[in-house]
Amino acid sequence: MVVVISWNVNGFRSVLKKGFLEWVKSFQPDILCLQETKLKPQDIKEEGIQLPEGYLHYWAFAKKPGYSGTAFFSKKEPKAIIPVNDPVFADEGRVQIADFDKFILVNSYWPNSQDERARLPYKLEFIDKLLEVLNKFVKNEKRNVLVCGDFNIAHTEIDLARPKENENHAGFYIEEREALTKFFNAGYVDTFRLFCKEGGHYTWWSYRTKARERNIGWRIDYHVVNKAFVKNVKRSWILSDVY
DNA sequence: TCTTGCAAGGG
DNA sequence: ACCCATGCG
DNA sequence: CCCTTGCAAGACCGCATGGGT
């Protein structure tokens with residue numbers, strides 16, 4: 001049994017101050033995927049940053065300092081790290097791919113569409129290209145894939161507390177919701193929904209007005225697998241006590 | 001996310 | 001070392 | 001007129017950077 005966790009840390013430095021290492025030590029996931037690390041390559045190289053014990057670590061960095069970036073920690077060494085060269089993924093350190101033999105892991109931090117749909121075209125291109133990459137593994141090479149991370153999209157009305165009010169807001173624009181529908185229809189399964197059909201389960205809450213206490217949130221983080229791999233998924237859930 | 005202010009439309 | 005503005009979410 | 005409805009805009013918090021002193 002392999003436990004894979006996804007976590008948007010909103011600053012790796014920040015969560016280090018909030019007990020990140022202690023949490024990893026007690027929870028002991030096999031693979032831990034992070035988004036929004038906001039680190040620079042030299043933060044790792046110069047050995048200044050603390051890392052969890054017993055894990056190998058892999059990083060992707062944005063060109064822009066203090067922005068975006070992903071990482072994953074793994075107890076076991078992957079068979080291979082698959083290079084991610086397309087600027088759409090690489091320039092902002094948004095995608096990592098690793099071959100774990102039983103499946104291919106894709107850790108991803110999907111772009112925020114921003115106000116006025118400013119980055120929606122980029123986001124749609126990102127999704128199209130990601131789908132191409134996945135199809136190559138699944139259809140051409142008959143591999144299984146697990147795609148996890150912060151998709152920055154609430155898919156349907158039950159995936160956020162205020163659907164009507166947010167129809168014209170980033171994360172719930174009709175275009176990105178339809179792109180995610182297309183993604184799922186291409187043979188990739190939202191594993192959380194295999195186990196839970198009800199609304200009210202969220203992974204992100206606005207920083208304003210104590211939204212988390214009142215559970216006025218959005219489900220924008222996902223673990224997705226190709227159809228053939230669904231039978232191997234034992235569980236998919238949201239950790240509610242982690243900040 | 002929530003409050004505010006303004007404008008349009010119906011009675 | 002500290003403070004403030006900016007970018008981003 | 002007055003009262004509703006529907007909007008858009010703005011403030012809000014937290015992390016990280018960078019410039020100034």
Side-chain angles (χ1 to χ4, degrees), chain A residues 6-21 23-24 32-46 48-51 59-71 87-95 107-127 148-177 179-180 199-222 238 241-243:
Chain A
S6 173
W7 185 356
N8 181 323
V9 290
N10 186 24
F12 188 74
R13 234 180 277 280
S14 165
V15 289
L16 278 179
K17 289 188 259 181
K18 299 175 189 168
F20 173 82
L21 296 171
W23 178 84
V24 176
L32 174 57
C33 296
L34 307 182
Q35 302 89 35
E36 281 205 89
T37 51
K38 300 190 177 183
L39 293 181
K40 305 178 288 296
Q42 62 257 37
D43 293 328
I44 311 304
K45 275 192 297 222
E46 292 167 9
I49 208 94
Q50 293 177 279
L51 298 171
W59 303 84
F61 303 98
K63 290 179 173 173
K64 188 198 296 230
Y67 179 70
S68 184
T70 50
V88 167
F89 303 133
D91 283 4
E92 299 184 348
R94 292 183 176 275
V95 175
N107 180 27
S108 58
Y109 174 43
W110 298 24
N112 186 300
S113 296
Q114 298 187 338
D115 279 0
E116 312 290 327
R117 292 173 164 77
R119 293 256 273 172
L120 183 63
Y122 169 56
K123 185 173 194 167
L124 296 178
E125 185 190 359
F126 177 100
I127 297 169
C148 70
D150 179 351
F151 290 16
N152 266 312
I153 305 170
H155 187 218
T156 69
E157 286 81 0
I158 64 165
D159 294 311
L160 72 169
R162 300 270 183 274
K164 282 286 157 289
E165 295 85 335
N166 284 298
E167 264 165 11
N168 212 25
H169 287 89
F172 203 54
Y173 291 133
I174 189 64
E175 296 94 330
E176 51 191 327
R177 294 174 57 196
L180 192 49
H201 297 89
Y202 309 125
T203 63
W204 179 86
W205 300 262
S206 167
Y207 41 77
R208 294 168 262 241
T209 59
K210 295 173 178 150
R212 183 156 189 175
E213 290 173 21
R214 298 177 297 139
N215 199 33
I216 297 169
W218 303 48
R219 192 174 70 95
I220 59 174
D221 299 81
Y222 297 82
I238 297 167
D241 54 350
V242 181
Y243 295 76

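Every chain is numbered from 1 and lettered A, B, ... according to where its sequence line falls, protein lines coming before strand lines. Just so it is clear, the values below take in all heavy atoms, side chains as well, and ignore hydrogens, waters and symmetry mates.
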Trainee: Just to confirm, is there a sub-4.0 Å distance from OP1 or OP2 of D/dC15 to any side-chain nitrogen or oxygen of A/K18?
Mentor: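 Answer is yes, contact under 4.0 Å.
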Trainee: Between C/dC8 and A/R119, is there an OP1 or OP2 to side-chain N/O distance shorter than 4.0 Å?
Mentor: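 Looking at the OP1 and OP2 atoms of C/dC8, neither is under 4.0 Å from any side-chain N or O of A/R119.
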Trainee: In whole angstrom, give the distance that lies between atom CH2 of A/W205 and atom P of B/dT1.
Mentor: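 In whole Å, B/dT1 P lies 12 Å from A/W205 CH2.
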Trainee: Pick base, sugar-phosphate or nothing for A/K40, based on heavy-atom distances below 4.0 Å to the nucleic acid.
Mentor: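 Sugar-phosphate: the residue A/K40, judged by heavy atoms under 4.0 Å, touches backbone atoms but no base.
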Trainee: Rounded at 0.5 Å granularity, tell me how far OH in A/Y173 sits from CG in A/N168.
Mentor: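 Atom-to-atom, A/Y173:OH and A/N168:CG are 6.0 Å apart.
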Trainee: Return the value, rounded to whole Å, for the distance between atom CD of A/E165 and atom C1' of B/dT4.
Mentor: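 In whole Å, B/dT4 C1' and A/E165 CD are 16 Å from each other.
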Trainee: Can you tell me the distance, in whole Å, between the CD atom of A/E167 and the P atom of B/dT1?
Mentor: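 One finds 14 Å between P of B/dT1 and CD of A/E167, rounded.
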Trainee: Measure from CG on A/N166 to P on D/dC7 and round the result to the nearest Å.
Mentor: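 From A/N166 CG to D/dC7 P: 14 Å.
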Trainee: How long is the line joining NZ of A/K38 and P of C/dG9, in whole Å?
Mentor: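 Distance, rounded to whole Å: 9 Å.
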Trainee: Report yes if at least one side-chain N or O of A/R214 is closer than 4.0 Å to OP1 or OP2 of B/dC2; otherwise report no.
Mentor: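 So the side-chain polar atoms of A/R214 do come within 4.0 Å of the phosphate oxygens OP1 or OP2 of B/dC2, strictly under.
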Trainee: Between C1' on D/dA16 and CG on A/L16, what's the gap in Å once rounded to a whole number?
Mentor: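 In whole Å, D/dA16 C1' lies 14 Å from A/L16 CG.
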Trainee: Can you find a pair of side-chain heavy atoms, one from A/R13 and one from A/I49, that are under 4.5 Å apart?
Mentor: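 In short, these two side chains touch, coming nearer than 4.5 Å.
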Trainee: Using atom P of each nucleotide, how far apart are B/dG5 and C/dA5 to the nearest Å?
Mentor: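 So the two P atoms sit 26 Å from each other.
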Trainee: Distance check needed: B/dC2 C1' versus A/R162 CZ, whole Å only.
Mentor: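 It is 10 Å, rounded to the nearest whole Å.
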Trainee: Output the rounded distance in Å from CD (A/E116) to P (D/dA8).
Mentor: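 To the nearest whole Å, that distance equals 10 Å.
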Trainee: Can you label the angle between the A/W59 ring and the A/F61 ring as parallel, tilted or perpendicular, going by 30° and 60°?
Mentor: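 Taking A/F61 first and then A/W59, their aromatic rings lie parallel (interplane angle under 30°).
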Trainee: With rounding to the closest Å, how many angstrom separate the P atoms on D/dA8 and C/dC8?
Mentor: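 24 Å, rounded to whole Å.
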Trainee: If the cut-off is 4.0 Å, is A/K210 near the phosphate of D/dC12, judged by side-chain N/O to OP1 or OP2?
Mentor: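 The answer is no; no side-chain N or O of A/K210 sits under 4.0 Å from OP1 or OP2.
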Trainee: I need the A/N152 CG to A/Y109 OH distance, nearest 0.5 Å.
Mentor: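 One finds 5.5 Å between CG of A/N152 and OH of A/Y109.
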Trainee: Using the six-membered base ring of C/dG9, report whether A/Y207 stacks on it, requiring centroids under 5.5 Å and planes under 30° apart.
Mentor: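 A/Y207 ring centre within cut-off of C/dG9 base, planes near parallel; stacks.
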Trainee: Is the distance between the ring centroids of A/W110 and A/Y222 under 6.0 Å?
Mentor: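 Not close enough - the centres of the two rings lie 6.0 Å or further apart.
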Trainee: Counting only side-chain heavy atoms from C-beta out, which of B/dT1, D/dG18, C/dG9 sits nearest to A/P65?
Mentor: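 Among B/dT1, D/dG18, C/dG9, the one nearest the side chain of A/P65 is D/dG18.
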Trainee: Just compare C/dG9, D/dC15, D/dC12 and give me whichever is closest to any side-chain atom of A/E36.
Mentor: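 Nearest nucleotide to the side chain: C/dG9.
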Trainee: If only side-chain N and O atoms of A/Q114 are considered, is one of them under 4.0 Å from the OP1 or OP2 phosphate oxygen of C/dG9?
Mentor: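 Yes, because at least one side-chain N or O of A/Q114 sits under 4.0 Å from OP1 or OP2 of C/dG9.
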